[in-house]
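A short write-up of the structure that comes next.
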Amino acid sequence: MTPRPRRSGRLLVTLAVVMTLLIVVAPLVYIFARAFSEGWRVYADNILHPDTLHAIWLTSLVALIVVPVNIAFGIAAAWAVAKHRFWGRGILVTMIEIPFSISPIIAGICYLLLYGRQGLLGPWLREVDLQVMFALPGIVLVTMFVTAPFVAREVLPLMQAQGTDQEQAAVTLGASGWQVFRRVTLPNIKWALLYGAVLCTARAVGEFGGVSVVSGNIRGQTNTLPLHIELLFNDLNAVGAFAAASTLTLLALVALVLKAVLEGRRG
Amino acid sequence: MTTATAPIRAKRVLPGFTLSLGTTLLYLVLIVLIPIAALILKGAQIGPAGFWAIVSSDRALAAFRVTLTAAAIATAFNAVYGLLMAWVLVRHDFPGKRILDALMDVPFALPTAVAGLSLTALFSANGWFGQVLHPMGVPVVYTVLGIALAMAFTSIPFVVRTVQPVLEDLDPALEQAAETLGATPWQSFTRVVFPAILPAWLAGCTTAFARSLGEFGAIVFIAGNLPGQTEIAALLAFIRLEEFDYNGAAAIALVLLGFALVLLVVSNILQSWAARHRGATR
């Protein structure tokens, strides 16, 4: 049916495939090629190095704190915006999206100006002996800033499209607020919620710019996995850096597969 | 009148409004707004004269120039590549299409530091691509081109993912009509398809550009970070922090924040134009 000549079509497809192979696939393949370039044993030694293991543990810990909090925030925001009408809804939606357009490094600077030694809350934090910067709380807070929109952005449009008829029917039939949410709303949004959580996790474990400002890069203490990659690279331990990077790459690939599966389910 | 509407409105309201809105506002204020306010407050403390002195220093100006130049190159690349990918993914069927489509999300899923590490090694003198490019006299690592490459990689999805849905909505019958009336495929693309996707394409380019200006993780690996030559604005702000020059860091961060907010507004305007445009051409 298409009147377009076939040859130009095939040319465009070939061009698209070749360019993608060069710019997207090659960097992916290269990570594993270099990580295993000195064999399995070296790879295992690199991964099992105490500093690398600690970085993996710290990054997992940050994700374990940030992702559930982000899910709760995303659901609360979507419930407020999608199921109710009030003045300033548009502004609220824009505010939720703000972190998405702000460079993480700016987020890190904001946090340092607030919680750092010379920061606004610095003197008070010293008085109560609370270390936020260059410690776990700072890393968690910046990661929360950077990932704030991730779950809300996926759940909100879906909840808006589904309207409030089903929930209202449940309320009329005598269901409590939590019952309505658990029995009516949650089943409707579960795939979008999971999808948002996957994206949030991928972003949380990979955060670099913001975390590099607030972490202080203390080896074996406040070094997350992405920061550890940079440290190894600067140590001229390229194979070690690629080994550490391969774990994050694997996670990214898993996230992509989950994304494809969930997108199909979400319909 | 109020007695007539009040009961109806009360019936429409679902429970949990105060709790959910309260949680949302509290989180946004604590996590997002107060930290940003701290930056703006710091900027106010510096004062206009001090701010201008920092921002217009030679090193800062050079950093802004490098950042803007590289972001422009990266966006130009994605404007073409993103359009090509969107077109091919919507209008052509071929084996492996779904994989190609999924690959477009790699730059979002892959941590930027990992991307930066891999690109740097690929293009360095003994990497797969560097081995070819270096003898040809095209050094990529430690140049503005390398910065642009890192920016281009991390902002690949923006153009593809904004143009794709608009192309999917566009009725191929329009192009067929144009070609029946004697238009060449190229004419039907430039006169029929391109005007329809123009707002979305521009919106995608704007977000890609904004993302490139703020990119940091991928660039620190490949840039070489030579002041005045391959030092981007975000890195200069970072260096000022390490020197405990918080004023310097805050002033540069504020300029980047200003860019980001202006581009956010532009992209929102373009996106609402695209939405209206879509409604009209459907």
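Lettering follows sequence order; numbering is per chain, from 1.
Contact annotation for B/L241: only side-chain heavy atoms (C-beta onward) come within less than 4.5 Å of a heavy atom of chain A. For a residue to count as touching a neighbouring chain, one of its non-hydrogen atoms must lie under 4.5 Å from one of that chain's; by this rule B/L19 touches chain A with the side chain only. Of the two parts of B/T180, neither the backbone nor the side chain holds a non-hydrogen atom closer than 4.5 Å to a non-hydrogen atom of chain A. Contacts of B/F221 with chain A are made by both backbone and side-chain atoms, with heavy-atom separations under 4.5 Å. Contact of B/I36 with chain A is made through backbone and side chain together, with heavy-atom distances under 4.5 Å. Of the two parts of B/L33, only the side chain, counted from C-beta on, holds a non-hydrogen atom closer than 4.5 Å to a non-hydrogen atom of chain A. If you measure heavy-atom distances from B/L41 to chain A, the contacts under 4.5 Å come from the side chain alone. A/F233 touches chain B through its side chain: at least one heavy atom from C-beta onward sits under 4.5 Å away, while N, CA, C and O do not. Contact of B/A102 with chain A is made through the backbone alone, with heavy-atom distances under 4.5 Å. Only the backbone of B/L30 comes within contact range of chain A, with at least one heavy atom under 4.5 Å from a heavy atom of that chain. Heavy atoms closer than 4.5 Å to chain B are found in both the backbone and the side chain of A/L22. Within the 4.5 angstrom heavy-atom criterion, only side-chain atoms of B/L119, from C-beta onward, approach chain A. Heavy atoms closer than 4.5 Å to chain B are found nowhere in A/R203, neither backbone nor side chain. Contact annotation for B/F189: neither backbone nor side-chain heavy atoms come within less than 4.5 Å of a heavy atom of chain A. Contact of A/V81 with chain B is not made at all, since no heavy-atom distance falls under 4.5 Å. Of the two parts of A/F181, neither the backbone nor the side chain holds a non-hydrogen atom closer than 4.5 Å to a non-hydrogen atom of chain B.
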The test is side chain to side chain contact (heavy atoms under 4.5 Å, CB included); show your working for A/F73 and B/T23 and say whether it passes. CA-CA 7 Å; A/F73 165 71; B/T23 311; 5.7 Å; no
With side chain to side chain contact (heavy atoms under 4.5 Å, CB included) as the test, would you mind laying out the steps for B/F77 and A/I23 before giving the verdict? CA-CA 12 Å; B/F77 170 81; A/I23 193 165; 3.7 Å; yes
Verify side chain to side chain contact (heavy atoms under 4.5 Å, CB included) between B/M85 and A/T20, making sure each step is shown before the conclusion. CA-CA 9 Å; B/M85 292 312 295; A/T20 306; 3.4 Å; yes
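Heavy-atom pairs under 4.5 Å with chain B were tallied for A/G206, A/A152, A/A80, A/S176; the largest tally goes to A/A80. Among A/Y115, A/F242, A/W178, the residue with the largest count of heavy-atom pairs under 4.5 Å with chain B is A/F242. Note on A/A255, A/A260, A/A170, A/S212: by heavy-atom pairs under 4.5 Å with chain B, the leading option is A/S212. Considering only heavy-atom pairs separated by less than 4.5 Å from chain B, the leading option among A/A33, A/P27, A/G177, A/A26 is A/P27. Most heavy-atom pairs under 4.5 Å with chain B, from the set A/V180, A/L141, A/L28: that is A/L28.
Looking at every heavy atom in both residues, B/S20 comes nearest to A/A76 through CB-O, 3.3 Å. Closest heavy-atom contact between A/F208 and B/T112: CB-OG1, 4.1 Å.
No side-chain donor-acceptor contact under 3.5 Å links B/H92 to the backbone of A/R10.
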Name every donor-acceptor pair, under 3.5 Å, that has one atom in a side chain of residues 122-130 of chain B and the other anywhere in the protein, sequence neighbours excluded.
residue	atom	partner	partner atom	Å
B/S124	OG	B/A121	O	3.0
B/S124	OG	B/N126	OD1	3.4

Could you go through residues 96-114 of chain A and list every donor-acceptor pair under 3.5 Å that involves a side-chain atom there, pairing it with any protein atom two or more places apart or in another chain?
residue	atom	partner	partner atom	Å
A/S101	OG	A/I98	O	3.1
A/S103	OG	A/I105	N	3.4
A/S103	OG	B/G214	O	2.7
A/Y111	OH	B/I31	O	2.5

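Within 6.0 Å of the CD atom in A/Q166, the count of heavy atoms belonging to other residues, nucleotides or ligands does not exceed 12. By the neighbour-count criterion of 12 heavy atoms within 6.0 Å, atom CZ of B/F244 is sparsely surrounded, having that number or fewer from other residues, nucleotides or ligands. In A/L15, the CG atom is crowded: over 12 heavy atoms of neighbouring residues, nucleotides or ligands sit closer than 6.0 Å.
Judged as a salt bridge (Lys or Arg N to Asp or Glu O under 4.0 Å), and not counting sequence neighbours, A/D165 has no contacts.
B/L25 contributes atom CG, which lies 6.0 Å from atom CG of A/L92 (distance to the nearest 0.5 angstrom).
Scanning residues 244-252 of chain A against chain B with a 4.5 Å non-hydrogen threshold yields A/A245, A/L248, A/T249, A/A252, sorted by number.
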